[in-house]
Amino acid sequence: MSEEAQPTTVSEAPRASAGIFRGLSGKLLLLTIVFVMLAEVLIFVPSVANMRIRWLQDRLNTVAAAAVVVDGLQNVELPRNVQDDTLMATGTKAIVIRRKDASRMIAAADMPAEIDGEYDTANFTAFAAIRDAFDTLLFGGNRVVRVYGPLGESDAVIELVMADASLHKAMLVYSRNVFFLSIIISLITATLIFLAINRMLIVPIRRMTTSMQEFSNDPSNPARVLVPPEGRDELAVAGQHLASMQRELQRTLKQQKSLAELGLAVSKINHDMRNILSSAQLISDRLAAVDDPVVKRFAPTLLRAIDRAVGYTREVLSYGRTTEAEPHRRFVALKPLVSDVAELLSIDPQSGIEFQIQVQDDLEVDADSEQLFRVVHNICRNAVQALTNHEAEDGRPRMVSVSAMRMGSVVTISVDDTGPGMPPKARENLFAAFRGSARSGGTGLGLAIARELVLAHGGTIALVEKPTPGTLFRIELPDRPVPLDAFRSKARH
Ligand SMILES: Nc1ncnc2c1ncn2[C@@H]1O[C@H](COP(=O)(O)OP(=O)(O)OP(=O)(O)O)[C@@H](O)[C@H]1O
Ligand SMILES: [Mg+2]
């Protein structure tokens, strides 16, 4: 089955997406970038608040260093130009040192009328720090704020009034840096995760999907079976299962192919066999007219056997299949049927094999008589063959016995022999077509046919263990269920 021979399968099979962001790996790459960016945002929020507080503390510390010096020069007012040029250069508008008893204005320049915010760099909550940071970031830049904090280790407080433009600018620069850093980190992380996932997941998954596609295009080609991956992780185990499933499927396909071929061969043989048997039927019809006592004795059996054979072949041909036809059930007297089987088996009197029938004359089985005949015939024939091929042991009778009894609506038929017993090979493949034969010249179909026919009657067939040597088969055949309405109307009349 080549690819050219099956173009539809190739085009219909869904294929893994080829575009980089449509495949699983591309999606994973995008998702990783998005998630790392999200994580960076979560980290950014507290870190920008922290940066702002530190910036303000630094500013306070710088100013405090100068202020302490000025404060030391008691009663000295800084010259105006020094105040403006040095302390005020950074946007600071006023510097005050507050003590418990007194406050001192160290420097002041064009004090604005209004202060937009007040911040204590020593006492603040995390929430307030975050809120103030975003407030400055989004709306700051043109405000004047008052910032205060402890003056070194002393009780004094240093306070300064300043424009927040430089703070705003520093925060913008910080945010931009964090943003670019986040992009770089997420790209590196995403690439590393992508490479790892690609190696661990995508490559094995792709190998499996490719194998599935190739296998479905050409399932009978052994080269298309996946080479099972090694390892114990989930994907390796899935791959190993896939490979064994493909091998199993291939075996089944092969078996089905040979069964289909066999079916065709059987039909052809069956067809020609019917023709030959029909001729034999015509000739044996004439035998019945011969006036010889020996011929007269055997002719009816021969005729019935040929009639049966013609019947089977016709049935198989008319159904055009190798499975059995539906049973046509009616109540059949079992004893004459078993006698017919015994007669057809034509056991050689020299062989010393005895065929016993322990069935009551009035025992009837609800079955298709032809199919029941075939079941009993196959099982009894096996028993006779086993006994014939087996050397007689001293003192042991060579016997096949068929017994039956009815219990309520179930008839149990037992076929017991004193032969060698089931060989292990036949036991392992009991009832499996073509596999169960353990004797030369056997096809291994007899028991499989018997089982199929019994199952079609809703019955069971089993090999029963017994204490003495030999083989015992037990068949249970239930009557057809009686429809309640029919039963009631029958009971009324
Ligand atoms: N009564 C028995 N005693 C010993 N072995 C038996 C008996 N019945 C069946 N077997 C074993 O079971 C195997 C399977 O039987 P089955 O009837 O399915 O196939 P077969 O007899 O080999 O071939 P065929 O298709 O011609 O009947 C036989 O080959 C035989 O070895
Ligand atoms: Mg057989």
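The figures here come from the full heavy-atom set of this structure, side chains too, leaving out hydrogens, waters and symmetry mates. For ligands, and for the atoms within them, numbers begin at 1 and follow the listed sequence.
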Hey, are [X] and [Y] close enough for a salt bridge, meaning a charged N less than 4.0 Å from a carboxylate O?
| X | Y | result |
| --- | --- | --- |
| Glu343 | Arg304 | yes |
| Arg480 | Asp366 | yes |
| Arg406 | Asp479 | yes |
| Arg308 | Glu370 | yes |

Q. Has Arg435 got more than 12 heavy atoms of other residues, nucleotides or ligands less than 6.0 Å from its CZ?
A.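 At most 12 heavy atoms, drawn from other residues, nucleotides or ligands, come within 6.0 Å of this atom.
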Q: For Arg329, look at atom CZ and say whether over 12 heavy atoms of other residues, nucleotides or ligands are found less than 6.0 Å away.
A: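 Yes, the 6.0 Å shell around CZ holds more than 12 heavy atoms from other groups.
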Q) Under 3.5 Å, N or O to N or O, is Asn378 touching ligand 1 that way? A)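 No, there is no polar N/O contact under 3.5 Å.
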Q) Is Gly446 close to ligand 1, meaning an N/O of one under 3.5 Å from an N/O of the other? A)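 Yes; the residue has a nitrogen or oxygen that sits under 3.5 Å from a nitrogen or oxygen of the ligand.
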For ligand 1, the portion of [X] having any non-hydrogen atom under 4.0 Å away:
| X | result |
| --- | --- |
| Pro420 | neither |
| Thr471 | side chain |
| Ser437 | both |
| Ile379 | neither |
| Ala386 | side chain |

(Q) Tell me which one of Met200, Arg207, Gln240, Met208 satisfies side-chain contact (heavy atoms from CB on, under 4.5 Å) with Leu235. (A)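 Single side-chain contact (heavy atoms from CB on, under 4.5 Å) partner of Leu235 among Met200, Arg207, Gln240, Met208: Met208.
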Which of the numbered atoms in ligand 1 are under 4.0 angstrom from any heavy atom belonging to [X]?
| X | result |
| --- | --- |
| Gly421 | 4 (C), 5 (N) |
| Arg381 | 26 (O), 27 (O) |
| Ala426 | 11 (C), 12 (O), 13 (C) |
| Arg439 | 20 (P), 21 (O), 22 (O), 23 (O), 24 (P), 26 (O), 29 (O) |

Q: Would you check, one step at a time, whether the test side-chain hydrogen bond (donor to acceptor under 3.5 Å, both in side chains) holds for Gln358 with Ser414?
A: CA-CA 10 Å; Gln358 295 162 353; Ser414 304; over 6 Å; no
Q) Which protein atoms of type N, O or S are found under 2.8 Å from the Mg ion (ligand 2)? A)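 Metal shell, protein only: Asn382 OD1.
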Q.
Restricting to ring-ring contact (aromatic ring centres under 6.0 Å, His included), what partner residues turn up for Tyr174, sequence neighbours left out?
A.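 For Tyr174, no residue satisfies ring-ring contact (aromatic ring centres under 6.0 Å, His included) once neighbours in sequence are set aside.
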Q) Between Val178 and Val48, is a side chain to side chain contact (heavy atoms under 4.5 Å, CB included) present by the stated rule, with each step listed? A) CA-CA 9 Å; Val178 170; Val48 74; over 6 Å; no
Q. Without hydrogens or angle criteria, can the side chains of Ser351 and Arg398 be said to hold a donor-acceptor pair below 3.5 Å?
A.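 No, no side-chain donor-acceptor contact under 3.5 Å.
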